[in-house]
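To start, the structure itself, in structure tokens.
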Amino acid sequence: MKHVLPKLPYGYEALEPYIDAQTMELHHTKHHQTYIDKLNAALEKYPDLIGRPIEELLKDLSKLQVDELDRTAIRNHGGGHLNHSLFWKYLDPDNIKDDLLVKEITTTFGSIDEFKKQFSDSAAKLFGSGWTWLVRDGKDSKLKIINLPMQDSPVMNGLEPLLGLDVWEHAYYLKYQNRRPEYIENWWKVVKII
Ligand code: MN3
């Protein structure tokens with residue numbers, strides 16, 4: 001089965017005024033859809049890969065029996081598909097908290113405010129296009145903040161994504177232009193888990 005665009009659990013206008021409806025609609029129906037279309041196109045030659053979940057394809061990326069150009073396409077567009085599918089889930093106009101994760105973040109970083117500060121600093125400093133992530137490292141189970149370039153996914157590196165912020169300009173430019181720190185600050189107001 002081909003990959004399809006997931007429905008959002010809220011309307012495009014639900015995150016106003018922090019993330020505007022026009023950005024949400026373009027981001028979902030154009031950017032995310034394009035990653036999916038290009039992923040599906042890259043997988044066309046490989047019928048045995050078409051039904052596999054995108055997480056699996058990215059975890060096994062280096063082992064897939066595919067042409068190198070197609071491997072790069074799966075990395076970029078498959079990463080884009082997975083990252084955005086997660087991003088929509090991290091957002092929530094009701095700002096509901098995950099108490100267990102809040103506790104773990106507090107233990108790891110000292111306080112939620114300190115975690116937010118470190119995460120926001122990391123996102124503000126990311127050069128060019130990419131994502132800032134809160135991940136759990138498969139090796140030691142510890143929480144970490146990392147930046148990844150382009151549409152690279154944490155799962156490619158054995159990391160479990162817990163929270164991710166898209167700092168590609170398409171995620172904020174219409175409303176915030178070059179003011180990425182302001183976008184980051186407002187994004188916290190519509191994050192679901194903390
Ligand atoms: Mn994006």
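All values below come from the heavy atoms of this structure, side chains included, with hydrogens, waters and symmetry mates left out. Computed from a predicted structure; not experimentally measured. Atoms within each ligand, like the ligands themselves, are counted from 1 in listed order.
- Ring orientation note: the planes of Phe87 and Trp187 are close to parallel, at an angle under 30° on the 30°/60° scale.
- Checked against the 6.0 Å centroid criterion, the rings of Phe119 and Trp188 qualify as a close aromatic pair.
- Distance check for His31 against the Mn ion (ligand 1): none of its N/O/S atoms falls below 2.8 Å.
- The only member of His28, His27, His77, His31 that meets ring-ring contact (aromatic ring centres under 6.0 Å, His included) when paired with His84 is His27.
- Looking at His27, its N, O or S atom nearest to the Mn ion (ligand 1) turns out to be NE2.
- His170 has its closest N, O or S atom to the Mn ion (ligand 1) at the position named NE2.
- Val135 and Leu162 get closest at one heavy-atom pair: C-CD1, 4.2 Å.
- Residue-level check: among N/O/S atoms of Asp166, OD2 sits closest to the Mn ion (ligand 1).
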